[in-house]
J.: 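Sharing a structure here in structure tokens format.
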Amino acid sequence: MRSVFRSLLVAAMLVSGAAHAVGQPFDRAGFDALQKAGKPILVLVHADWCPTCRAQAPLISDLLKEPQFSHIAALRVDFDQQRDAVRSFNVTQQSTLIVFKGGKEVGRSLGDTRRDSIEALLKKAL
């Protein structure tokens, strides 16, 4: 019985995490075009099974709706499926957030679930 409950709990967590998916799926050509245009970019290295990623998602989603951050392009890298992209960003763990401004990386964080520090990270892209 306990394993059935645990399976249901994991399934519910995965579904709730998917409901809070933030950003567009990462595509190298799209990222390169955004960089060339000098757009502010947030790259989220995400895994659906990651509890930290699920905690980050609603915070980031809310912040990106604020007028000051609404023009930041958010791109979501799948930690498990997009290994080339993960390596290209020198990422070793999911729940990594990277911001770019003017085509250059200007900040990153790992495992951060505090709204104020994620907000400070996003401000670096402006």
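Source: prediction; values computed, not measured.
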J.: If hydrophobic clusters are built by linking Ile, Leu, Val, Met, Phe, Trp and Tyr wherever their side-chain heavy atoms come under 4.5 Å apart, do Leu110 and Leu121 end up in the same one?
T.: no
J.: May I ask you to decide if Ser95's main-chain N or O and Gln56's side chain share a donor-acceptor pair within less than 3.5 Å?
T.: yes
J.: Say you draw a straight line from NZ of Lys124 to CZ of Arg108; how long is it, rounded to the nearest 0.5 Å?
T.: 11.5 Å
J.: Rounded to the nearest 0.5 Å, how far apart are CG of Leu59 and CG of Leu64?
T.: 11.0 Å
J.: Atom CG of Asp48 and atom CD of Gln94: how far apart are they, to the nearest 0.5 Å?
T.: 11.0 Å
J.: Looking at Pro58 and Ala55, what are the two nearest heavy atoms and their distance?
T.: CD-O, 3.5 Å
J.: Determine the minimum heavy-atom distance between Ala85 and Val77, stating which atoms define it.
T.: CB-CG1, 4.0 Å
J.: Quick one: side chains of residues 67-75, donor-acceptor pairs under 3.5 Å with protein atoms, not counting sequence neighbours, listed by atom name and distance.
T.:
from	atom 1	to	atom 2	distance (Å)
Ser70	OG	Pro67	O	3.0

J.: Side-chain contact test, heavy atoms from C-beta onward, threshold under 4.5 Å: evaluate it for Arg115 versus Ile118 and give yes or no.
T.: no
J.: Look up atom CG in Leu44 and atom CG in Asp78, then write down how far apart they are to the nearest 0.5 Å.
T.: 12.0 Å
J.: Looking at Lys101 and Ala125, what are the two nearest heavy atoms and their distance?
T.: CG-O, 3.6 Å
J.: Can you classify the ring geometry of Phe31 versus Phe26 as parallel (below 30°), tilted (30 to 60°) or perpendicular (above 60°)?
T.: tilted
J.: To the closest 0.5 Å, what do you measure between CD1 (Ile60) and NZ (Lys65)?
T.: 12.5 Å
J.: Can you tell if the side chain of Glu66 reaches within under 4.5 Å of the side chain of Leu122, non-hydrogen atoms only?
T.: no
J.: Test side-chain contact (heavy atoms from CB on, under 4.5 Å) on Asp84 and Arg28 and set out the steps.
T.: CA-CA 10 Å; Asp84 288 342; Arg28 176 57 66 182; over 6 Å; no
J.: Residues two or more places apart in sequence or in another chain: which of them pass salt bridge (Lys or Arg N to Asp or Glu O under 4.0 Å) with Arg114?
T.: Asp112
J.: Can you see which heavy atom on Ala47 is nearest to which on Asp80, and at what distance?
T.: CB-OD2, 4.1 Å
J.: Starting at CD of Gln35, measure out to CD of Glu105 and round the result to the nearest 0.5 Å.
T.: 10.0 Å
J.: Could you tell me which non-hydrogen atom of Phe89 sits nearest to which non-hydrogen atom of Ile98, and how far apart they are?
T.: CB-CD1, 3.8 Å
